[in-house]
Undergrad: 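Below: one structure in structure tokens.
Order of the sequence lines sets the chain letters (A, B, ...), proteins ahead of strands, with each chain counted from 1.
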Amino acid sequence: MGVVFHLGKPHASFAHSIKAGHSERRPGTKGPRVLIILPPMNDPIYLDHAATTRVSPSVAATMMRALGDEYGNPSSRHPLGSNASASIEEARRAVASSLGTRSEGVLFTSGGTEANNLAVIGFARALRRGKPGTPSGHILIGPTEHPSIRASAASLTEEGFEVEVMQLARSDKRGSLDIVDAAARMREDTVFVAQMLVNNEYGTRYDIARLSRAIAARAPKAHLHVDAVQALGKIELDPAGLVDRAVSSSFSLSAHKIHGPKGVGALVLSNACLDAKRLPLPIIHGGGQQGDVRPGTENVPGIMGFGAAIAAATHDFEATGKALVTARKALESALTEFVPGVRVLIPWSDDQTATMAPQVVSILVPGAPSEVWLHHLEELGVYASAGSACQAKKHELSPALLALGLTSEEARRVLRFSFSSSTTAEDCTEAARRMASVSSALAHL
Amino acid sequence: MSKIPDTILLRYGELALKGGNRNSFEKTLAANIASATESIADVKILRERGRMTATLKSNPERIERVANRIAEVPGLSSLSLCIPCEADPETISGLVNQHLLRMFEFSAPGAPRITFRVETKRADKRFPIASTEFDQYIAQRLPESLWDKLQVQLKRPELVIGVDIRTKGAYVYFGRTPGIGGLPVGSQGRVVCLLSGGIDSPVAAYYAMKRGCRVDFISFLSPPYIGEPTRQKLVKLVRKVGRFQPKNRLHIVPFTEIQEAIRDHAPEAYRTILYRRMMQKIASRIAFRNRGKAIITGESIGQVASQTLSNIACIEEASLLPVIRPLIGFDKLETIKIAREIGTFDISNEPEPDCCTVFMPNGPVIHGQIAHCLEAEEKLDMKGLIKNALDGIEAIDIDTDA
């Protein structure tokens, strides 16, 4: 019950730890001078929802059931087992119904990275052409894909696949995909195309529908995989609405971006994919669970949490969209007003909702590299990230930022703020105000 | 921004032929469509002369999903996604061209031509151009870049460009999605279906629904010989096949006491037939309680020992209602094909036992005789066994997948 008590008071323990951190700030070290002008206490403002989100209390309560009394192995024949199995099926239906697909097309994975690996490697191998020794087929991937797509595609070159990268439209500063160029690259032996739906670094929303029409015309045997991790819960993810009906597709999802737990995600196969009897070949092997396509004893607590989170995140897109746009506009206008020298990479525009997602905003900061800005902001209780958090541990520049036309020097000065539907305009204005308090010191570093 | 479809045009199947009953058939169909789509979007259904329209009042981006869902509602021959526009010749032609250009944007040079025809319906006679002339009007104004991609063909074209001119504006649509045909569920009253967990019975239930019957499902379970996994399998089956009708109820009948009594007091060779006679008796009574008028089974002549003509006669004799067997002439492979299409095959194939496998006889009788059945039943407390079974029924209302 202790845990439930904590859940009843969201943010309490979090806020406490931040405050404690402030009072114990390294007394002997030379802190940045600007800290003097700070208000004594700052409630933290979390603007890094594209990296991860806080597990919602109702999701945690659902998971507690599986961590407590309902601990059965879903493959067991006794009631503890069959109850666990029923809970998994319920979560599978929740995921399927949020996408409008059939539940047998939902494969639970350990997260977005595994879902992407299973899609890229599993489908490419399933659709491989020719005999061993002959070319295996052609693969096209988007120019701004997550490393889990890029690296798994690269690994396939050893198996005789040819991997090609699409490009962004040169004429357009909004980061859109050059689909005419992509269509020209498509070939009769193209077996697999991967393109993310919402960019994790600057929020561009790619035109999957048009890309899928190009696939239907130019590479009709290819499977389209859509990394929808950043889009889940923010926009409708219905393969029937997003993808040409002639094209088989799959979508990867991750629970922890929508107030669910870490360590669980899904690869969702479209109805067109199921109708074509296309399944990815397994990349791990085991005891037959999930049709042996993704075996292993299911992560019951995680899957139940994912089911609860996705139902909550996808029940009212209109309200979510409004909240995100309000936050986005507040942040952009406050940054423009309070922080001189900041440039929003792709400014919000109400008539561009089809090409951009409101929940991710990246800015080019003046002077110091983003890393330095980040640490100053964290001292002020503002949590953001530089580029995408997944790559923060790799010391390489983001290909997505370079693809947008930024120089490598500029790419080091990009800060990313990202929202959830609970982010308020006040949070955003306050974040910009706090940022302003360090800007004169950092802008001229 | 290009206009997107917001309305689905729905064409009736056999319903169009039903003279006097048509009004009530249409009402039933409209209610079934509303029920099928309510969890997806706010859909307004209008009955018009000879057809219906379903218009999305919320979640416009879900129109494909709504259309796919409606395509599974019995009673429709086909449907089309319609883009609304002004009833003005130039506007309509412009919209058609814009859509076709988008459709053919990436078609490879030298690809074979797509055959098409324009199909205009002019309900509003104030529209200045007659239907057949307007077909030509549209065709003559196709953009030059599409001339080598399209070719007129009036009979069986690959693409139908539809124009529907009404008093309050026009609709443009491209192609038709087939419906499953049949009659609206509920228009033919209620039936009960014996659901075993095998491949056949869900397919039989599907055909009953397709012909307009509201199906209540009945399954027999023998705990502790048959466990919870079988029960979950039955629920999954109903969830899958039940999507063709608005509401689903599964009656789970406790069967252990009956099977044990038959094992202990009846000839071994007659066990399976006696089980099935009991099922008929109990199903008839459940049907009476629910205003059901027939019993649906998945039997097919000669498929297994209990389905020889004599054994079918022995079993049917126990029923108080007509027994309808939609699969009577089906080969197993034909049944499997439909089971795959309606998505029940993989669930039926899960290796969970059903109650007929309990105390399976060695050498079951192939040509059973009714007299022997009646004789065996005299040794059983039929009334008591049936009453206990009926008293122990668990009725589960099951939501289907949208």
Undergrad: Passes side-chain contact (heavy atoms from CB on, under 4.5 Å), A:Lys322 versus A:Val325? Steps please.
TA: CA-CA 5 Å; A:Lys322 268 188 194 153; A:Val325 171; over 6 Å; no
Undergrad: Test A:Leu140 against A:Phe192 for side-chain contact (heavy atoms from CB on, under 4.5 Å), laying out the working first.
TA: CA-CA 6 Å; A:Leu140 267 180; A:Phe192 185 84; over 6 Å; no
Undergrad: Does the structure place the NZ or CZ of A:Arg245 under 6.0 Å from the centre of the six-membered ring of B:Phe174, at an angle of no more than 45° from the ring's axis?
TA: no
Undergrad: Is B:Thr230 close to chain A through its backbone or its side chain, or both, or neither, when contacts mean heavy atoms under 4.5 Å?
TA: neither
Undergrad: Between B:Asp6 and B:Lys57, does at least one N-O distance fall below 4.0 Å, as a salt bridge requires?
TA: no
Undergrad: Between A:Arg185 and A:Asp181, is the closest basic N to carboxylate O distance under 4.0 Å?
TA: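 Looking at A:Arg185 together with A:Asp181, the answer is yes, because their closest N to O distance falls below 4.0 Å.
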Undergrad: Taking CD in A:Glu90 as the centre, count heavy atoms belonging to other residues, nucleotides or ligands within less than 6.0 Å. Is the count above 12?
TA: no
Undergrad: Name the option with the most non-hydrogen atom pairs under 4.5 Å to chain A; the candidates are B:Lys240, B:Glu341, B:Arg239, B:Arg340.
TA: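 Maximum pair count with chain A is reached by B:Arg239.
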Undergrad: For residues 35-45 of chain B, which residue pairs pass the salt bridge (Lys or Arg N to Asp or Glu O under 4.0 Å) check, not counting sequence neighbours?
TA: none
Undergrad: With a 4.5 Å heavy-atom cut-off (strictly below), which parts of residues 82-89 of chain A touch chain B? List them by number.
TA: A:Ser82, A:Asn83, A:Ser85, A:Ala86
Undergrad: With the threshold set at 4.0 Å, does a side-chain nitrogen-carboxylate oxygen contact exist between B:Glu64 and B:Arg69?
TA: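 Salt bridge between B:Glu64 and B:Arg69, a charged N being under 4.0 Å from a carboxylate O: no.
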Undergrad: Using the side-chain contact (heavy atoms from CB on, under 4.5 Å) rule, take A:Gln289 and A:Thr297 through it: C-alpha gap first, then chi angles, then the decisive distance, then the call.
TA: CA-CA 7 Å; A:Gln289 293 91 342; A:Thr297 297; 3.8 Å; yes
Undergrad: Within residues 73-81 of chain A, which residues come under 4.5 Å of chain B, heavy atom to heavy atom?
TA: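 Listed by number: A:Arg77.
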Undergrad: Given that the side chain runs from C-beta out, which part of A:Glu318 has a heavy atom under 4.5 Å from chain B: side chain, backbone, both or neither?
TA: neither
Undergrad: For chain B, which residues from residues 209-219 of chain A lie under 4.5 Å away (heavy-atom distances)?
TA: A:Arg210, A:Arg213, A:Ala214, A:Ala217, A:Arg218
Undergrad: Go through the side-chain N and O atoms of B:Gln245 and B:Asn248 and say whether any donor and acceptor fall under 3.5 Å apart.
TA: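 Result is yes, a qualifying pair exists.
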Undergrad: I'd like to know if B:Lys236 and B:Glu350 make a salt bridge, using a cut-off of under 4.0 Å between side-chain N and carboxylate O.
TA: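 A salt bridge links B:Lys236 with B:Glu350.
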Undergrad: Any ion pair linking B:Lys337 and B:Glu334 (charged N to carboxylate O, less than 4.0 Å)?
TA: no
Undergrad: Side chain from CB out, backbone as N, CA, C, O: work out which of these in B:Asn59 comes under 4.5 Å of a heavy atom of chain A, or both, or neither.
TA: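 It is the side chain, since no backbone atom gets that close.
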Undergrad: Which is it for B:Leu100 and B:Leu159 under the side-chain contact (heavy atoms from CB on, under 4.5 Å) test, yes or no, and what are the steps along the way?
TA: CA-CA 11 Å; B:Leu100 288 174; B:Leu159 174 67; 3.9 Å; yes
Undergrad: Are side-chain N/O atoms of A:Arg278 and A:Ser248 paired as donor and acceptor at under 3.5 Å?
TA: yes
Undergrad: Would you check if there is a donor-acceptor pair between the side chains of B:Arg11 and B:Ser77 at a distance under 3.5 Å?
TA: no
